[in-house]
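A quick write-up on the structure given underneath.
Positions are given from 1 along the sequence.
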Amino acid sequence: VDDALERFIGKIGDERVAQLVVLGLNHEQQHQELILTDIKHAFFQNPLLPAYVAHRLQTVRHAPDMEWVDCPGRVAPIGHDGEDFAFDNEGPQHEVLLRPYRLASRPVTCGEYMSFMQDGGYTRPEFWLSDGWAMAQSEGWTAPLYWLDEGKMFTLNGVRPVSPDEPVTHVSLYEAAAYAAWAGKRLPTEFEWEAAAQDQPMKGNFLDPMHVHPHSAATTGLTQLFGDVWEWTRSSYDPYPGFKPFDGSLAEYNGKFMVGQNVLRGGSCATPAGHARATYRNFFPASARWQFSGIRLAEDAA
């Protein structure tokens with residue numbers, strides 16, 4: 001299939017066909033990530049908890065203390081500018097008014113999340129959105145997905161101890177919002193996230209087939225915006241002003257999903273390198289936990 005497609009690409013003379021091929025290649029990268037998350041979920045159902053790649057994970061470094069990064073209030077350009085490839089839901093570019101805010105320098109770690117758990121986070125409804133509390137009770141949630149007894153977790157590299165320094169992952173929007181409320185903070189909007197990410201280098205822990213797992217933060221300052229874990233935002237997945245879906249056979253590509261979902265930003269350790277960008281909008285229902293989704297906190301500036 002690859003050989004045939006390469007020969008076909010070499011003969012393309014129609015710009016419309018070329019655009020379809022580029023979209024198809026990017027869509028394939030989306031499914032490379034989704035297949036890995038599905039494999040992890042399927043293997044977790046197996047009582048033997050088999051490893052996808054039986055390879056020792058890298059030594060975990062100590063995560064730096066969480067800091068708070070000031071982000072100015074401004075009118076920010078949001079969305080893709082139309083240069084190079086982007087999915088239809090990333091545009092059109094438009095302006096959004098932002099009030100001054102602060103972002104946490106890195107995602108919430110497993111150790112920080114364990115403090116929430118130890119303080120009764122899963123048994124205290126005052127921190128939870130109503131639907132989230134009902135879901136947590138009905139499903140019996142007591143920890144992130146893939147966490148096991150005796151302080152262990154299931155990974156694509158097999159069962160290993162939970163590291164307090166790694167970003168917590170496989171949490172729903174409900175859990176992320178509950179943690180933020182417990183910490184006296186909130187989740188960022190997708191516009192706050194994008195405005196902060198626009199000038200950041202596109203570097204991060206993206207897909208390594210041998211180590212499909214988040215790394216702990218390596219530096220201080222605003223870090224890990226890209227890769228490691230998708231970061232939940234408090235923004236619903238809605239069309240931007242002036243949004244128009246693709247026409248023809250691609251008319252249902254993204255627009256049909258713009259209801260009942262929230263936006264995640266930044267990519268994860270399962271995202272192919274080069275696939276993410278500051279304007280990229282991932283989206284899942286608030287209850288979704290099987291994706292490599294984590295938490296970055298925000299707060300209003302005084």
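Tested against W290, the residues F43, F284, F44 include a single ring-ring contact (aromatic ring centres under 6.0 Å, His included) partner, F284.
When all heavy atoms of P107 and P167 are compared, the closest pair comes out as CB-CB, 4.2 Å. Nearest heavy atoms, K185 versus W68: CE-CZ2, 3.5 Å.
Taken to the nearest 0.5 Å, the OG1 atom of T155 stands 6.0 Å off from the NE2 atom of H213.
Defined by atom type and a distance below 3.5 Å, a donor-acceptor pair is present between the side-chain atoms of T109 and E112. The closest side-chain donor-acceptor pair between S172 and E175 falls under 3.5 angstrom. A donor atom on one side chain and an acceptor atom on the other are not found under 3.5 Å apart for T279 and E194. Side-chain contact of W232 with E190: a donor-acceptor pair under 3.5 Å is absent, judged by distance alone.
Taking the side chain as every heavy atom from C-beta outward, F206 and P272 never approach each other to under 4.5 Å. A 4.5 Å side-chain heavy-atom check between R289 and Y146 finds every atom pair outside the cut-off. Taking the side chain as every heavy atom from C-beta outward, Q200 and L222 approach each other to under 4.5 Å. Counting only heavy atoms from C-beta outward, the side chains of E126 and W182 never approach each other to under 4.5 Å.
Q29 contributes no side-chain N or O that, together with a main-chain N or O of G24, makes up a donor-acceptor pair within less than 3.5 Å. Looking only at distances, no side-chain donor or acceptor of N262 sits under 3.5 Å from a matching main-chain atom of A286.
Here the two rings, on F243 and Y240, have centers that are 6.0 Å apart or farther. H27 and Y253 have their aromatic ring centers within a separation under 6.0 angstrom. Close placement of the Y280 and H275 rings is indicated, their centers lying within 6.0 Å of each other.
Residue pairs satisfying the side chain to side chain donor-acceptor pair (under 3.5 Å) criterion with at least one member in residues 133-143, sequence neighbours excluded, are absent. Pairs engaging residues 64-80 under the salt bridge (charged side-chain N to carboxylate O under 4.0 Å, His left out) rule: D70-R102 [sequence neighbours left out].
At a threshold of 4.0 Å, the pair R106-E231 does not count as salt-bridged, since none of the basic side-chain nitrogens sits closer than that to a carboxylate oxygen.
With a 6.0 Å radius and a threshold of 12 heavy atoms from other residues, nucleotides or ligands, D14 has its CG atom above the threshold.
Cluster annotation: Y179 is connected to M114 through the hydrophobic network of ILVMFWY side chains, with a link wherever side-chain heavy atoms come within less than 4.5 Å.
Checked against side chain to side chain donor-acceptor pair (under 3.5 Å), Y237 has the following partners two or more places apart in sequence or in another chain: N89.
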